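Everything below concerns the one structure shown next.
Keep in mind it's a predicted model, so treat the numbers as computed, not measured. Whatever order the structure lists them in is the order used to number ligands and atoms, beginning at 1. Quick note: residue numbers are just sequence positions, from 1.
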Amino acid sequence: MPETSPHANDTDQHLGAVETQTTLNAGTLELLHRAALSFTVSLDLREVIHSVLAEAQATLAAGSWSVWLLDEAGTTLTCWQAQGPSGDVLRGYRIALDRGVVGWAVRNNTRVYVQDLSSDPRRDDLISARAQMPAASLICCPLNIGSRHTGTVTTIGAISVVSDRVNGFDDDDVALVDVLSASAATAIYNARLYEQSQREVERRKLVEGALRQSEGQYRTLVETSPDSIFLLSLDGKILMCNHRTLALHGYERATDVLGKSFLSLVAPEIRAEAQDIFNRVFQGHTLRSQELTLVRSDGTPFADELGAALTANSCGEPAGIVAFARDISDRKEAEAAVRRHNLELRVLNDMATHISQSHDLKNLLENALDRTLDTLDIDTGWLVLFDPDRASPVSSEIEIRRGLLSKADIAERSDSLLHRLVERAYTTRQPVILRSVELFELYAGASAPCQVVAIPLVAQDQVVGAMAIAGLRHRHPRNISFRQVQLLAAIGHQISVAVETARLTREAAEVDMLRQLDQMRADLMASFSHDLRSPLGLIKMTCSTLLRDDIDLDPTTQKDFLSDIIAQTDRLSRLVDGILDLGKLGAGQLVLDSIPMDLGTLAQRLFDEAQQQIPSHQFTLDLPEDPLILIADSVRIDQVLHNLLDNAVKYSPGGGPIDIRGYRKRNKVLFSISDSGIGIPEDQLDLIFERFYRVKGEATEHISGTGLGLTTCRGIVEAHGGRIWATSALDVGSTFTFSLPAAPDVPEA
Ligand code: ADP
């Protein structure tokens, strides 16, 4: 307990006043002095009040004393201590300031001495009733505290003493109560002040404790946070940061960072952007998740996600910015890896789709190499496909070069380097990686080193080729990562499969073609045998008939028989000629004996023969008056006419009209034969001119042929500089037309 009260000066002041204002006897003065001293022994309010009343009682035993104190709001008086018979009931009793003599004395800050309470209007019956004591006279003195500094007087309560007798006090008693009240006021005031300050100290201790606890919690939270947290001043300086901030940016001590601008944590190239973002936060915009590239103390950038908000001081004014940053490099890397992976899958898928559709091996490989280089973002590569029947292990069937590996760029030395590389890939069957190849090895005139990777192309356990790439783009070195080598190997695998597939397809096609050829030969033989056998049979039969002695043939019949034999012989020789011509036509060896001739005459002869020999059909002939003069080999052209007429008859088995027509159109002579036969499907109109091609179907099933007639016709017509074609409708009929250059008109002499 402190020995001097906080307001000792005020107490002295009041004691001084007491001495000058009163005329008390020495005994009473000493009593009062002792009382004043005893008040200051303790700063406990209850003890002080207790000692005040004890001293009061000792001084003036005739009355019952009570001490009333105003509450902090100044509206209620509470009886803190009371003595005498009613002490127990009055203690703790509260009255409003406007009640009773005590209320009046405090309200008016005036001591009251009432000699006869019964006639005093301020008397409060309730208090009296509660005190259960007939109060006849009363002294009530306000407890006043005056301040030397402000000159003001504050009433903090009152001391009252009552007597059960009218006129129970004299003037000395009044003076004594005055003086006692004055010193008690200071003691009570000080004790109360002390109690209040103690309470305030306690409260502050509690508040500080709570504050320390919550501060501790926040500190732990901030320090153990996996995110970087930092506080910025309004001018962007770092005021505080947690350990994570230091670790993230690679600083050892907080002093390395504190006081610096937050921009020192941001990658230099985006500082302007970062400043804009922070300006927006300064303007009150809360940043939730902003991706930003921050930088470590050694300058390495890393991806970060940032949040920031303005903080305010106790007056609600902006005080700074609290920001948190989360290292998202792992997430970014994972995202990039997924993207890369997707791209690689897409490339592989694209590649697989493309190469499975391509039939041309060279085209396939060119495309595959281009796509590979595109994907790896480099421009120099080499793809070689070994010759399956190779003499040396790596002699190539196909070789494709791109970028600086083209023959024009590459130095001779590097060519051998590439070959050595490919040989290594061939023997080891593994990717070969050369980390640092001087560019001059690859092309003349440069010396920066670059990486070169070669991978073997393995299909069906055979190394079918190799692919090599150099880490170059626009003549500048590029790193080739391990992942890219893996991708290259995967692409290589696809290419190998495609090469294998293409080769197998080619082999299968060859086998298929051979099979078809065999079939054609068989068909051809069957057809030839039929075509040869039928005229031969007829000739034999006619000759036998002519030679029989038992049959007497008249000269006309004999002549007819001999004509038949000639016709069949002609047919045979045409057939044989056709086969021989085919060989000549294919080899471009057809020799034409071209002279001016009239196509009309040939057409007329054909018509006459047909009418005579083919009764099953009705023939018409349509020719212009003028001859249709050509410069042509008449035997060959006649062969064409007969072929076309034979077909018209053959493929209209139901008979019907056959129209033969010759005409001239500008400088061309045209000839056509139309039938009303089975017709030809439109999609096969061109194919029928191909060697051995025959339309397959029910309608042609029983019609024999070699598939060579139209091929011969086309060969002959084209050899004359003309053109042949067919138009047709199924079950309606076909028209075959050829056009030849007309002989230039000879001016009349
Ligand atoms: P072929 O000996 O089979 O008749 P061609 O070369 O003369 O051989 O004719 C080829 C194919 O063209 C024939 O097999 C037939 O299917 C078709 N063709 C030719 N002429 C006609 C025609 N006038 N009417 C219908 N089909 C025809």
N-O pairing of [X] and [Y] below 4.0 Å:
X	Y	result
D686	R714	no
D550	R548	yes
D512	R515	yes

Test your reading of the model: is there a side-chain donor-acceptor pair from [X] to the backbone of [Y], 3.5 Å cut-off?
X	Y	answer
Q558	L553	yes
Q484	S481	yes
R478	D377	yes
H720	D633	yes
S728	G733	yes

Heavy-atom contacts with [X] under 4.0 Å: which atoms of ligand 1 show up? List them by number with element.
X	answer
L708	6 (O), 8 (O)
I688	10 (C), 12 (O)
Y693	10 (C), 11 (C)
K650	1 (P), 2 (O), 4 (O)

Return the option from T711, T712, L644, L710 holding the heavy atom at the smallest distance from atom 6 (O) of ligand 1.
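Selected option, by shortest heavy-atom distance: L710.
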Consider every N or O of [X] and every N or O of ligand 1, then say whether any pair is closer than 3.5 Å.
X	value
G679	no
Y651	yes
G707	yes

Tell me whether [X] reaches ligand 1 (any heavy atom closer than 4.0 angstrom to a ligand atom).
X	result
S734	yes
Q684	no
F736	yes

D379, D370, T380 screened by side chain to side chain donor-acceptor pair (under 3.5 Å) with R402, the one that passes:
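Per the side chain to side chain donor-acceptor pair (under 3.5 Å) rule, the option paired with R402 is D370, out of D379, D370, T380.
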Does only the side chain of D675 get under 4.0 Å from ligand 1, or the backbone, or both, or neither? Count heavy atoms.
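D675 to ligand 1: side-chain contact only, backbone stays beyond 4.0 Å.
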Just to be sure I read this right, does ligand 1 sit under 4.0 Å from the backbone of V695, its side chain, both, or neither, counting only heavy atoms?
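Under 4.0 Å from ligand 1, V695 contributes backbone and side-chain atoms.
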